[in-house]
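Keep in mind that the numbers below use all heavy atoms, side chains included, and drop hydrogens, waters and symmetry copies.
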Number of protein chains: 2
Amino acid sequence: MIIDLNQAVEFLKNNDDFLILTHSHPDGDTLGCGFALCEALKSCGKNAVVRCGDTAPEKYSYMGRLCEEDIEYDNIIAVDVADAKLLGKDFEARFGSRVKLCIDHHGSNRLYAEKTLLDPTAAAACEIILEVIKALGVEITKNIADCIFTGLSTDTGCFRYANVTPRTMHMAAEMIESGADHSKINIIMFETKTRTYVALERLALESMKMYLDGKCAFITITQDMYRRSGSDESEVDAIAAIPRQIEGVVVGVTMREKTDGTFKVSMRTHEGVDASEVCAMLGGGGHPRAAGCTVSGNVNTARNLVVSCIEKYLQEDVNN
Amino acid sequence: MIIDLNQAVEFLKNNDDFLILTHSHPDGDTLGCGFALCEALKSCGKNAVVRCGDTAPEKYSYMGRLCEEDIEYDNIIAVDVADAKLLGKDFEARFGSRVKLCIDHHGSNRLYAEKTLLDPTAAAACEIILEVIKALGVEITKNIADCIFTGLSTDTGCFRYANVTPRTMHMAAEMIESGADHSKINIIMFETKTRTYVALERLALESMKMYLDGKCAFITITQDMYRRSGSDESEVDAIAAIPRQIEGVVVGVTMREKTDGTFKVSMRTHEGVDASEVCAMLGGGGHPRAAGCTVSGNVNTARNLVVSCIEKYLQEDVNN
């Protein structure tokens with residue numbers, strides 16, 4: 001059931017103990033949501049913990065620590081989690097069918113929770129969480145401001161992407177006013193690369209191929225590249241932004257080899273190409289400018305399959 | 001003479017014909033200031049043109065076109081120009097001593113103009129121009145919004161740097177509300193790399209060496225790399241940001257070989273290392289976080305010279 005802000009706040013006010021769940025492979029937005037909401041609920045005299053099926057990268061530790069004890073509460077809240085599957089295998093099995101409230105900004109939300117507070121116009125789920133926290137009447141502390149700012153900044157590529165709205169910018173201004181350490185956060189998130197990442201980026205650039213008259217740039221990351229660079233899959237996300245940046249490219253693809261032999265595809269597009277529609281042809285999905293899917297085969301057949309779907313989309317787009 | 005906002009607006013209201021000058025090698029902020037102010041003055045029934053000693057890069061053309069006719073008006077306004085020298089050689093000689101109003105955000109402004117409206121807390125000079133335009137009572141059109149947004153975005157690395165304040169973010173939100181095409185502008189300014197740039201970046205990453213226990217990352221760009229990548233010196237500036245981004249690095253250096261056999265050094269530092277002091281040891285200078293100098297010798301002796309100066313600075317810093 002889709003609910004509105006007031007109904008979500010009612011639910012939070014009428015209950016006392018909350019288990020907040022982030023999505024697996026947690027990022028700045030889901031963790032920012034979790035820790036900000038947790039602090040807000042605690043300041044209302046409630047019990048709350050934030051848990052995740054995975055461990056959180058160390059760089060996010062300034063926002064808070066995930067609860068590693070096996071604590072369960074009935075009032076399960078999922079933040080920035082569009083699908084119960086995204087809780088991760090274990091957590092999906094344990095909690096997936098029992099989520100009471102989901103707060104999310106993905107238009108593709110599967111509505112798996114009992115109640116869903118959904119705003120697809122929000123650039124980051126943290127925008128919705130900030131509205132919830134304000135409606136709870138909670139003061140925005142420095143830590144809440146750091147958390148919300150992190151979500152706003154990381155889900156917009158530091159306010160660079162098309163999903164940014166005036167609300168995003170006004171909220172970021174408010175968070176800086178409330179003490180968010182914006183410069184430090186942006187250095188950690190956007191101006192810090194590990195040596196292994198730089199080595200992987202170099203191999204990724206070497207692998208880049210151009211297709212479809214330069215409209216598609218394609219990076220392939222193999223398991224061998226992880227070995228040669230000392231890097232791993234956790235560092236690929238930043239690389240996914242690179243191919244779309246090449247002049248003339250409308251579809252940028254980063255395809256990474258998984259240990260099970262399949263390939264995970266991350267697609268980034270410019271206006272005019274709906275990445276979620278292209279990825280849907282291959283059983284995936286996502287947002288209009290950023291989507292993903294999984295393909296099988298060897299490197300070449302997998303790459304050709306993805307390129308042929310992009311070609312088909314571009315041709316149909318011309319014909320319509 | 002330093003003046004306040006009201007005095008600047010009085011000057012604009014009391015006169016009819018304005019020659020607006022940007023700094024040479026014009027960037028998004030100085031051009032955004034120029035074109036926004038020009039449109040605002042015209043909508044008040046005034047005559048105004050924007051001129052620059054250099055031509056403007058094509059990517060800024062959506063904001064407007066520089067006047068290429070040799071038009072002169074007595075009321076000369078310099079925007080984002082900290083020093084008459086920065087008008088460029090010709091324009092300094094012609095106009096440098098006759099600037100009636102300078103609107104600027106550089107704390108280092110030389111106060112060369114008759115009247116100066118200065119706000120060093122502004123991340124971009126466009127923040128001050130927007131306040132001037134509002135005080136003139138002019139409506140913020142889409143084009144003015146595009147111009148002001150461009151200045152805000154380009155002078156802050158797309159809202160990433162420490163100079164961003166809540167005012168910057170609120171103004172960016174307002175400009176989006178007034179129709180600024182933020183996503184298109186950010187793509188042009190921050191998400192577009194030429195293929196030759198990408199090829200040069202790859203060679204630059206291959207050249208990167210680490211020194212001083214990983215505190216210094218050093219990229220060397222040779223003339224041969226320009227030949228191999230098809231790129232040229234105009235594309236090196238973006239590369240200069242890379243070495244400082246490596247985890248643990250406090251001094252990032254990019255050294256480029258010039259055609260006369262000397263090397264131009266661009267140094268970027270994190271807090272705690274004053275790049276302008278290190279570069280001063282080699283006859284150069286600049287800002288605390290970004291400075292430069294020129295060194296001679298072959299690649300290895302030039303690199304060793306720069307590294308030894310950084311080592312000396314870091315040691316003295318420890319001893320003090």
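Residue B:Ile187 touches chain A through its side chain alone, counting heavy-atom pairs closer than 4.5 Å. Looking at B:Met208, only its side chain comes within 4.5 Å of chain A, counting heavy atoms on both sides.
In this structure the side chain of B:Gln245 never reaches within 4.5 angstrom of the side chain of A:Thr192, judged on heavy atoms. Between B:Tyr197 and A:Glu247 the shortest side-chain heavy-atom distance does not fall below 4.5 Å. Using a 4.5 Å heavy-atom threshold, the side chains of A:Ile176 and B:Thr165 count as separate.
A:His170 places no side-chain N or O within 3.5 Å of a backbone atom of B:Ala173 that could act as its donor or acceptor partner.
Rounded to the nearest 0.5 Å, atoms CD (B:Glu191) and OH (A:Tyr161) are 5.5 Å apart. Atom OG of A:Ser183 and atom CZ of B:Arg160 lie 11.5 Å apart (nearest 0.5 Å). To the nearest 0.5 angstrom, B:Phe159 atom CZ is 11.5 Å from A:Thr168 atom OG1.
The two atoms that bring B:Met169 and A:Ala172 nearest to each other are CE-CB, 3.5 Å, heavy atoms only.
Enclosure of atom CG in A:Asp213 is not indicated, since only 12 or fewer non-hydrogen atoms of other residues, nucleotides or ligands lie within 6.0 angstrom.
Of the listed residues A:Glu206, A:Met175, A:Glu271, A:Arg244, the one with more heavy-atom pairs under 4.5 angstrom with chain B than any other is A:Glu206.
Under the side chain to side chain contact (heavy atoms under 4.5 Å, CB included) criterion, B:Val249 pairs with B:Met210, B:Ala217, B:Ile246, sequence neighbours left out.
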